[in-house]
Structure formats: structure tokens, C-alpha cells
Amino acid sequence: MYLELDDIKKSFGEGENRAEVLKGITCGVEKGHICVLLGPSGSGKSTLLNIIGGIDTPDSGTVSIDGEKTAAMNEKQLSQYRRKHIGYVFQSYNLIPNLTVKENIEVGAYLSDKPLELDEIIKTLGLWEHKDKIPSQLSGGQQQRTAIGRAIIKNPDILLCDEPTGALDYNTSKEILKLIEDVNSKFGNTVIIVTHNDAIKLMADQVIKFRDGRIRHNDLNTVKTPAAELDW
Amino acid sequence: MSFFENIRMAFSSIAANKMRALLTMLGIIIGISAVITITTLGSTLRTTILRALSSMGGNSFLAYINEKEVEGLDDDDYYLTSEDMITLNMLRELEEQYPGEFKVAASTGSSSATVVNSEKQYINVQIQGVLNGYLDSFGLKLKAGRNITMADNEQNKHSAIVSDIFVRQYFRNGEEPIGQNIEVSFENGNPFEFTIVGVYKYSELKLNSFPAGTKEIDKVTPIYLPYNVINDMKAMPEEGFYNLQIFYDLSVENSVAYTQICDFFDEQYKENRMWNVYIYNIQDEVEIYDMIINILTIIFSVIAAISLIVGGVGVMNIMLVSVTERTREIGIRKALGAKRSTIKLQFLIEAIIICLIGGVIGILIGLLNSELVGVIANNIVSSNPDYSDLLGNISISPSVGAIVISIIFSTLTGVFFGLYPAGKAAKMDPIDALRYD
């Protein structure tokens, strides 16, 4: 397995308020696969995503990408790990408001040793005519495209998407999912999408269902539905 | 992220909050412009005062008869005779030893005399016997011709230097005065003929003899004649000098001239039992003025620089606000793999750039201020011919050192006051930063 999680546990709070969010997660994702983490709010899927992304640390258990374990890493090595392996897409886009589309995407490029070609990415995202606009001049879909651009220009091994369509309408959501699908097939990144939208699982190679901090199902899809044909 | 990209990002974020950035810079601008104005005015004041001082005899020594330290002699035992005085003979030797280097500003008392021109008009004058350095001691400038020389004295030549006012009073038709003979009648009535060898520019500031409103035709100006000639005419015995002002040529270094003149008089008074000549170096006094101006400039600059600290605190405050505002941006950068040092550098560079822009604007305003003061000062000076005579054209001389120090200082202000906010940004936890609303 390319990405391996072994008995990941994580809890928040102290004493009576202590809440165990992840109760021993063990699973793996193949290189180049699209994996959908499904589950209701509070099921711990975002926490797991953050642990994979190296911005949160598990209380116990190990994460390894291509055999590289994060547990033993200090802060500097974790930065290096994120820089090398991880691209992030958030539900709320999180663009830098005073930078243009192009500059926002460049923020990702600066953090990579082997960035992809900027203009090509902007064209792939369908943002060429908007490249000099600032985020407040863009629609939600366009902002999310920009955020995806910022994540993938680093050419990350793993693209982590935390509810990427959570703030978007039906049609725009499908566009964004299609873009993620295109990126996956074009650049071959492993993609992990966290969502509570059951329909999205159809476009994935692998579907992991969560409830109460445990994996309830971990299935491989034999037949994938293209994102454009999803319906909900 | 490259250094250049950091700078671009910083400019972009400053541009996003122009008004805020400008207000933040204001403290730095005021501080730096105050420092530049003060140092520029200080250095201008310094050059102007030093130039004025040297035009008033800065390149001279005072020589006076002084008690030798002799064992067994009390203060009461010292007595001065005419033989102990500095004689004209000594001064001639001085000139022979160092041709053209030293000029002695000695004079007889002045007395009244009259001159009659070709149109039988009487012109009242003062006459005074002088040695070759007398004009210099008053800062009087020759307009034409030459000075009274030691040779004029030695050879009892009837040479005369007259004022430009006298020239207008005497030569009503604008004749060329140099080489003309004039007849001077002294108080006792005897007329003597003198040849005009030079014309000096009359200076009210330096000679200061007429009440305001005196008509030019009524002005009584000095005619300078050789010292010896006057002494002879008045049948005054040659007594010699108790004290003298001795000018040295500006091409000679002060220290060299000082050693020469000291050695010369030490040699002359070697045989004298009780007396020698003490040489007071006026340059020492000039150096004290120099020092005082420098100290004042430094003190005022330091006071002005204190306002930079206030400015720096303003920068720190606004950077802290900026860090808080951009918490999410920091979170994203960290999530995408930005190192602590990258985040730190980004905010540090932003603080430095704010301070540097403030510093440069401050320098420009400071120079503008100084230039403005220079224009006003020059207007005042040029409206009074006597001041302009003494001070000339005041040229504002910005201190390059102060400009360089200002730039370094504003950079350091940026570093010092940017370090804490930048450190705070760098230490943020990416998860908390991303959750921040």
C-alpha cells in the first residue's frame, strides 16, 4: 500500500470532557487511487485527514507514505513532509484575499521543489481569463478551482480534499469533482476526499465509511461512475 | 519562497492596506525626517560658523609677551622694559625666514586727517599705520590693488590703502584710483603725499562707525598707511609690541604654522631672562565650537531618534494586528508545507519594508525641510550685506553619514519590532490557524 494507517488513535480534551475521536484506524490507499472518506459530522474523518496531512498528530499509531513514517518526525521534518507529499483543499477555499488567482496559485508553487507549469495549471482549471482577479471577484466554484490549483501546482503525492464541495451548489459541485477526477487522471496524484455526500462515493476507487471513530466499511469499487454522471 | 517573492508579497499586503500602512509609517517618517533635518542643519551650521570664524581670524595666532618660569622669581620680581617687546626687526626676520607665510596684524592708534581732491573738496578720514596682516584681522577684503607689505614698512614707502567709499568721495569722475597720489593733511597740519596702492571694501559690520542714516558723502573711513611711516611722522619712538595677531597663509597647516611661529619666538627670546612670547592658537577655540556643535547635533538627533522607538512600537502593533488578521493564511501556508522560518521571514520582511519606506520618505522630507531652512536663511543673510559678507552663501550640506545611518536604523527598527509579531506568526499551530475565524 502506498498510504498506510496503522491503529491510529486520537482523542481531544481532558478528564470528563475527553472525547475519543479516532478509536484505532487501520487502512491503506493505493497510489493514484481516489479514496472517499464518508461519514456523518463528528465521525472523525476530518481529524484523520489532518493526521494524514501532517498538521495534526495521532496519540498512537503510525502514518506512512511510501514507507516514510510521520510519527518520529519533529516539526521541521513534518513541514518538509507536508511540502513534499501533501496538497490541501478546504471547504472554505481559504484563499489569500489580497492576491490574484495567479498569485494565490503561486503560493503553492513557492512551497515546492518541483512545481508544475503555472500557466498550464491555470488553463487546466479553466481560470485563464480570471487569472488576474482577486478572490472577492470570483464565484465560489472559481475560488475552489483556485484552491485546487494552489494544492496541485506542488504536484503533491497526495491531494487531501476536506469537503471540497461543501459550500457549492449542485452543478458547481459536479464541476469541481470532475476537475478533481481530471487532475487525478492527468497528474496521477492519490486523492483523498472527505465528504458526507453519499453520492460522491461512486466516483472513487475506494470508499471508507466512518462512524464513531471507527471504520465500518472499506470497499473497493469495481465500477467507477464518472463525476459528470453523478446525481444526488 | 524566494527573497524576491517575499518582498513582492510584502508590497502586495502593504498595498492592500495603504492607509493603515501610511499611518503606521508616520512615526518612522517623523522620526527619520527629524534626525535628517537636525543633522543637516547641524553640519550646515558647523561649516557656516567655522567659515565665519576663519574669515574673522581663524587662521591666526595671538602672540603676547609672557612670563618665563624662572626658579627663585616671585610674581613681583617680573618687570617689563621696552627691550622685552616684540620689535619690527623680529617681524622682518620672521618674514625673511618664511616668505609670504605670516602676516602681522599690528596697527598704530588712529587719528583724524583730511584729504582735498582736485575740486577742492575736503574729505575727512581716519588714518592708521598698519602691518601687512591688519586687513585680515578685520576680515576686510581688497577690491583692487595690493596690501601694505613689510617692504612698504621697511622702506618707509608712502603707500596707502583706501576704502571704496573714499574712492567715490574723492574721484567724483570715476577715475582709476590705483597709482594716484593723494595729499593727506594730519592733525598738526602738515600735508604728506601718499600713493594709493589698494582699495578695500568698506564693511559696516566690521568697522561699525556710522550711526544709521549717515550719507555716504559724510562717512569717515580709514586710510591704512605703513606702520613705520606713521610712527616716523608722529615722531614716536619705536617701542615694539606687547601683543600681536599673526595670520598664517591658508596653504599652511595650522599645526605646522604653530610649530614654526613658536620655534621662531623661542629662538628670539632665548637670551631673555624673564620673558618669552606665548602663542595662542585660535584654531583651538574653533575646535571647541566645532565640538559644541557636534555634541548638540548628537544630543538633538538622539532625542529625535527616540520618536523612532514610538514609531517602531506602532509598527509592532500593526504587525500583530496583521498576523491575527492573516491567521488563516498562515494556517494554509503551513498546511502546504511552509517552514516556520519561511513564515517568520515573510512577516519580518513586511515590517522591514514598512520601516524602510517610512525611512526613505522621512529622509526626503528631512532634506526638503533643510533645503527650506536654507532658502529662508539665505534670504535673511542676503538681505543684509554685512551678514552676507561674513557668511557668504549658506549651502545646505546634507550629512551622507546621517542618511546611511537612517536607512540602517529604520531597517533595524523593522527587524527589532517585527521580530515578535513574526515569531508569533511562525509559532502558530496550523490546525488552530485553519480553524480561526
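Excluded from the calculations below are hydrogen atoms, water molecules and symmetry mates; all remaining heavy atoms, backbone and side chain alike, are included. We name chains A, B, ... by the order of the sequence lines, and we start the count at 1 in each one. It should be emphasised that the depicted structure is a prediction, and the values quoted were computed from it without experimental measurement.
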- Message: Testing the basics here: between A/Asn98 and B/Ala16, what is the closest heavy-atom pair and its distance to 0.1 Å?
- Response: CB-CB, 3.5 Å
- Item | Under 4.5 Å from any heavy atom of chain B - which part of A/Asn50 | side chain
- Is it the case that more than 12 heavy atoms not belonging to A/Lys131 sit under 6.0 Å from its NZ atom? yes
- Heavy-atom closest pair, residues B/Ala335 and A/Arg82: O-CD, 3.4 Å
- Note on the structure: Most contact-rich option vs chain B, by heavy-atom pairs under 4.5 angstrom, among A/Glu75, A/Glu103, A/Lys76, is A/Glu75
- Task: Might you confirm whether atom NZ of A/Lys84 has over 12 heavy atoms from other residues, nucleotides or ligands at distances under 6.0 Å?
- Result: no
- Query: Side chain, backbone, both or neither: which part of B/Arg326 has a heavy atom under 4.5 Å from chain A?
  - Reply: neither
- Task: Please name the pair of heavy atoms, one in B/Ala338 and one in A/Ser79, separated by the smallest distance, quoted to 0.1 Å.
- Result: O-OG, 3.9 Å
- Message: If you count heavy-atom pairs within less than 4.5 Å of chain B, which of A/Gln80, A/Arg150, A/His85 leads?
- Response: A/Arg150
- Does the side chain of B/Arg333 come within less than 4.5 Å of A/Val107's, by heavy atoms? yes
- Message: Tell me which of these, A/Leu99, A/Leu95, A/Ile86, has more heavy-atom pairs under 4.5 Å with chain B than the rest.
- Response: A/Leu99
- Message: Please give me the minimum heavy-atom distance between B/Arg328 and A/Ser92, naming the atom from each residue.
- Response: NH1-OG, 3.4 Å
- Message: Atom OH of residue position A/Tyr2 - does it have more than 12 heavy atoms of other residues, nucleotides or ligands inside 6.0 Å?
- Response: yes
- Please say whether more than 12 non-hydrogen atoms of neighbouring residues, nucleotides or ligands are located less than 6.0 Å from NZ in B/Lys18. no
- Step through the shown structure and confirm whether more than 12 heavy atoms of other residues, nucleotides or ligands are within 6.0 Å of CZ on B/Phe300. no
- For B/Leu336, does its backbone N or O pair with a side-chain atom of A/Lys154 as donor and acceptor, under 3.5 Å? yes
- Using non-hydrogen atoms and a 4.5 Å limit, figure out which bit of A/Tyr81 sits close to chain B: side chain, backbone, both or neither. neither
- Report yes if the side chains of A/Tyr88 and B/Ile332 come closer than 4.5 Å at any heavy-atom pair, otherwise no. no
- Message: If you count heavy atoms of other groups shown closer than 6.0 angstrom to CZ of A/Arg211, is the number above 12?
- Response: no
- Heavy-atom pair with the smallest gap, counting every atom of A/Ile55 and B/Ile431: O-CG1, 3.2 Å
- In this structure, are over 12 heavy atoms from other groups packed under 6.0 Å from A/Glu129 atom CD? yes
- Task: Answer yes or no: are there more than 12 heavy-atom neighbours, outside A/Phe90 itself, under 6.0 Å from its atom CZ?
- Result: yes
- Task: Go through the steps for A/Ile96 and B/Met9 under the test side-chain contact (heavy atoms from CB on, under 4.5 Å), then give the verdict.
- Result: CA-CA 11 Å; A/Ile96 299 171; B/Met9 289 280 176; 5.8 Å; no
- Message: Quick check on the interface: out of B/Leu434, B/Asp429, B/Asn17, who has the most heavy-atom pairs with chain A under 4.5 Å?
- Response: B/Leu434
